[in-house]
Amino acid sequence: MNKNILTKITINLLLLVFVIVWVLPTFGLFVSSFRDKDLLATSGWWTTFKTNQVNEIYRTKTFEDQFEQDGVFFIKGNLLNKNSGKKIINFGITSKEMSKYKVNEKAKLKNQSEIEIKENGEYILRSEKPFKHKRGKRIFITALSPPKFTLDNYKEVLFKEGVGQAFLNTLTVAIPSTIIPLIICSFFAYALSWMKFWGRDTLFAIIVASLVVPLQMCLIPLLSIYNDVGSLFGVGAKSYPGVWMAHTGFGLASTTFLLRNFIKSLPHEMIEAARVDGATHYDIFLRIILPLSVPAFASVFILQFLWVWNDLLVGLIFLDQVPSEIILTAKLRELLGSRGENWEILTTGAFVSMIVPLTIFFALQRYFIRGLVAGSVKG
Amino acid sequence: MTITSLFLYVFFGTATCFLYFHLSNLVLDFASKKNTKKFSQKSVLRPYIFIAPAVIILVIFILYPVIETIRLSFFNKTGFEFVGLKNYFWAVKDPEFKRAILNNLGWLLVVPTLSAFFGLVIAYLADRLWWGTIAKSIIFMPMAISFVGAGVIWKFVYDYRGPGDDQIGFLNAVVVSLGFEPQAWMTIPIWNNLFLMAIMIWIQTGLAMVIFSAALRGIPKEMLEAARIDGASEFKIFTAIIIPYLEKTILVIWTIITILVLKIFDIILAMTNGQWNTEVLANLMYDWMFRGGGDSGRGSLMAIVIMIGVIPIMIWNIKRHKEDQKS
């Protein structure tokens, strides 16, 4: 009995370790995309949730803001932003002694003036003589900064860095690149399963072989075909229709294979009965096969859509790398090169590119897994 | 690309496709109604309407390019002058190419093995716990995201700051808290390959896990219970019953991941672009497609090397399906 409990605990712990290792990198990225960019550059994302101690420098107001009361001169103000939520612990007036004074203590400055700082950043400069300083006096503070989250990174990335545009571009690539092969391949799969024609078995063998053909085998000749077609019509070689066709071509084998396996498994009596009643294959396909194949279509749709959405190579080769055509993955790769140290942009950009796949994944996990397990051999 | 033109594009693209099938079938129906005597003959035409678009695309996008790539590998950089085996001789001597081959072999050895191993262990553990489904969901999640996205996630984990600075990369933070020096992981030859492979393992373990999970349910419960009653330890059950039972599944997973690894490209391009001895075949090929105005001969050659790795699996696949067809 004891041994059983021990096994149980070990199993729980072991799985927990796996889960933590697997989720931590993504979680770090997710949290970081909501962090202030200055904090992100100087502290690890795991410090987000605890209150940080920060050292900062501020300047007081200048002599222009002083007012006189009973022969004494004052300058009042607040060092901190109202919404920062920071709390000052101690402060100093020289860079050598940055934390000489506790909060609420009075610090003596030159010219017999003194300064008092409160926890929330409010300060009072007090002097017997009028202030003359034209630049604000430097104040060094040590403050506690509470966890802070912001959507600024998203605003910046979506609208300034062009990731929002890339998101739309990716949608423009992905939707037709999913629907077109689905339509073409469903007819093809039906024909391969239920129609008799010359060369059917050979054709299916070619499909099975094409499943594993690496994409790389097709790139160079295709690129030159595209260039030829482009110059024939006097247009650029790279365009959205071109990239849809490329994705249709590369997704053809796996889509056909999955749909064919499903359609073939439907009861053949049904189709024969319809044939006897005089229905054409087209009728049978529309009225009987399509409604029955919805689950298979869902799997194939998700699989192809995610494949296209996540693709980098096809998007790099068959689209121009300009703002109106660049896709998310290519954009992200470009940012990795040009903004390699700006983690607020990279983490946010990466998360934007992951939103759609993750939504699909969590909403339609069942179909996704079914499709992947059945057809993960795409070339 | 605005949202309006997106809709237009999508509509235009799909409508064309749908119209082809609908109109061609209507025409055929109309024609066969007119002369019913030839009904059977017209019906003979219909399969070709069904398969025509797919076959045309298959020929243009897969079959022709494959043959053309083989041809190009015997031609010079512009593809017009026959050079025999010159490209191949060049490749054997090229240090970059050798490096890429070695790295790809390393990837082939490590990634499928560890992904399958972790996948199996996790599937086995998760099926025995109430929160196993959630755990599986989490471990499967990387399958949904792009390789480039995964690259950014891990680049952040591997981030390096000089000693003394606060580390913002998780790995270096751990290393420093254990009292070691922080490392720029991506620039240490040989080890950096392992860190890149870790990304792929992180992604592919989910796939292996799901397939194993399905296969594990097929193991007869009586067999496992009998073993437990006889006092076999969990470890013994795992190695002596479960692994032999899953032999075929292991092979399937191994081939799937092998194919993926042979083509590994996005991760390398995004993380190192082949620097610090991390070059792989697919990335080198991409490079040669554009380097110095593009060299179709050398590029094609690299595609063929990847293809050669895939051929045994292809043959095995076709055999398997022929057997399926018979039964």
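Here is the naming used below: chain letters follow the sequence lines, and residue numbers restart at 1 for every chain.
- For B:F11, no part sits under 4.5 Å from any heavy atom of chain A, backbone or side chain.
- For A:F204, the part sitting under 4.5 Å from any heavy atom of chain B is the side chain, from C-beta outward, and nothing else.
- Not one N or O on the side chain of B:D266 forms a donor-acceptor pair closer than 3.5 Å with the backbone of A:L313.
- Among A:L306, A:L358, A:L332, the residue with the largest count of heavy-atom pairs under 4.5 Å with chain B is A:L332.
- Of the two parts of B:I253, neither the backbone nor the side chain holds a non-hydrogen atom closer than 4.5 Å to a non-hydrogen atom of chain A.
- Note that CD1 of A:I11 is 11.0 Å distant from CG of B:D127, once rounded to the nearest 0.5 Å.
- Interface remark: B:R71 contributes no atoms to any contact with chain A (heavy atom separation under 4.5 Å).
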Pair B:I62-A:I206, side chain to side chain contact (heavy atoms under 4.5 Å, CB included): steps then yes or no: CA-CA 10 Å; B:I62 309 285; A:I206 292 175; over 6 Å; no
Ring pair (Phe, Tyr, Trp, His ring centres under 6.0 Å) between B:F50 and A:F188, intermediate numbers included: CA-CA 6 Å; B:F50 274 44; A:F188 191 31; over 10 Å; no
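- Residue-environment remark: NZ (A:K264) exceeds the threshold of 12 foreign heavy atoms within 6.0 Å.
- For chain B, the option among A:G349, A:A330, A:S186, A:A209 with the highest count of heavy-atom pairs below 4.5 Å is A:A209.
- A:I369 contributes atom CD1, which lies 4.5 Å from atom CZ of B:F140 (distance to the nearest 0.5 angstrom).
- By number of non-hydrogen pairs under 4.5 angstrom with chain A, the leading residue of B:D166, B:L63, B:I153 is B:I153.
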Verdict with supporting geometry, A:L336 and B:V152, side chain to side chain contact (heavy atoms under 4.5 Å, CB included): CA-CA 8 Å; A:L336 270 170; B:V152 175; 4.0 Å; yes
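- With rounding to the nearest 0.5 angstrom, the NZ atom of B:K155 is 13.5 Å from the CG atom of A:L29.
- If you tally non-hydrogen atom pairs under 4.5 Å between each of A:I360, A:D311, A:I317, A:T248 and chain B, the highest count goes to A:I317.
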Chi angles and distances behind the side chain to side chain contact (heavy atoms under 4.5 Å, CB included) call for A:F187, B:I51: CA-CA 7 Å; A:F187 281 95; B:I51 67 170; over 6 Å; no
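- Between A:F257 and B:H321, the gap from one ring centroid to the other is short of 6.0 Å.
- In this structure, B:F12 and A:W244 have tilted ring planes: the angle between them lies in the 30° to 60° band.
- With a 4.5 angstrom heavy-atom cutoff, A:S32 touches chain B only via side-chain atoms.
- In this structure, chain B has a heavy atom under 4.5 Å from the side chain of A:F362, while its backbone stays farther away.
- By the neighbour-count criterion of 12 heavy atoms within 6.0 Å, atom CZ of B:F290 is densely surrounded, having more than that number from other residues, nucleotides or ligands.
- Both the backbone and the side chain of A:A246 come within contact range of chain B, judged by heavy atoms closer than 4.5 Å.
- Interatomic distance, A:Y282 OH to B:L26 CG, rounded to the nearest 0.5 Å: 6.5 Å.
- Residue A:I180 holds its CD1 atom at 8.0 Å from CD1 of B:I57, rounded to the nearest 0.5 Å.
- When heavy atoms are compared at a cutoff of 4.5 Å, A:T7 approaches chain B solely by way of its side chain, counted from C-beta outward.
- For the atom pair CE of A:M354 and OG of B:S146, the computed distance is 8.0 Å after rounding to the nearest 0.5 Å.
- In this structure, chain A has heavy atoms under 4.5 Å from both the backbone and the side chain of B:E68.
- Between B:F118 and A:F18, the distance separating the two ring centers is shorter than 6.0 angstrom.
- Taking B:L72, B:I315, B:T16, B:D159 one by one and counting their heavy-atom pairs under 4.5 Å with chain A, the maximum is reached by B:D159.
- Heavy-atom pairs under 4.5 Å with chain B peak, among A:W343, A:F197, A:F285, at A:W343.
- The residue among B:L269, B:L281, B:I306 with the most heavy atom pairs within less than 4.5 Å of chain A is B:L269.
- For B:Y286, the part lying under 4.5 angstrom from a heavy atom of chain A is the side chain only.
- The part of B:V121 that comes within reach of chain A is its side chain, from C-beta onward, which places non-hydrogen atoms under 4.5 angstrom from that chain.
- Of the atoms belonging to B:V157, it is side-chain heavy atoms, and not backbone ones, that fall under 4.5 Å from chain A.
- Only the side chain of B:W154 comes within less than 4.5 Å of a heavy atom in chain A; its backbone stays farther off.
- With a 4.5 angstrom heavy-atom cutoff, B:M314 touches chain A via backbone and side-chain atoms both.
- Among A:L222, A:L223, A:I179, A:I175, the residue with the largest count of heavy-atom pairs under 4.5 Å with chain B is A:L222.
- The candidate from A:A189, A:P357, A:S224 with the greatest count of non-hydrogen atom pairs under 4.5 Å with chain B is A:P357.
- When heavy atoms are compared at a cutoff of 4.5 Å, A:C218 approaches chain B by way of both its backbone and its side chain.
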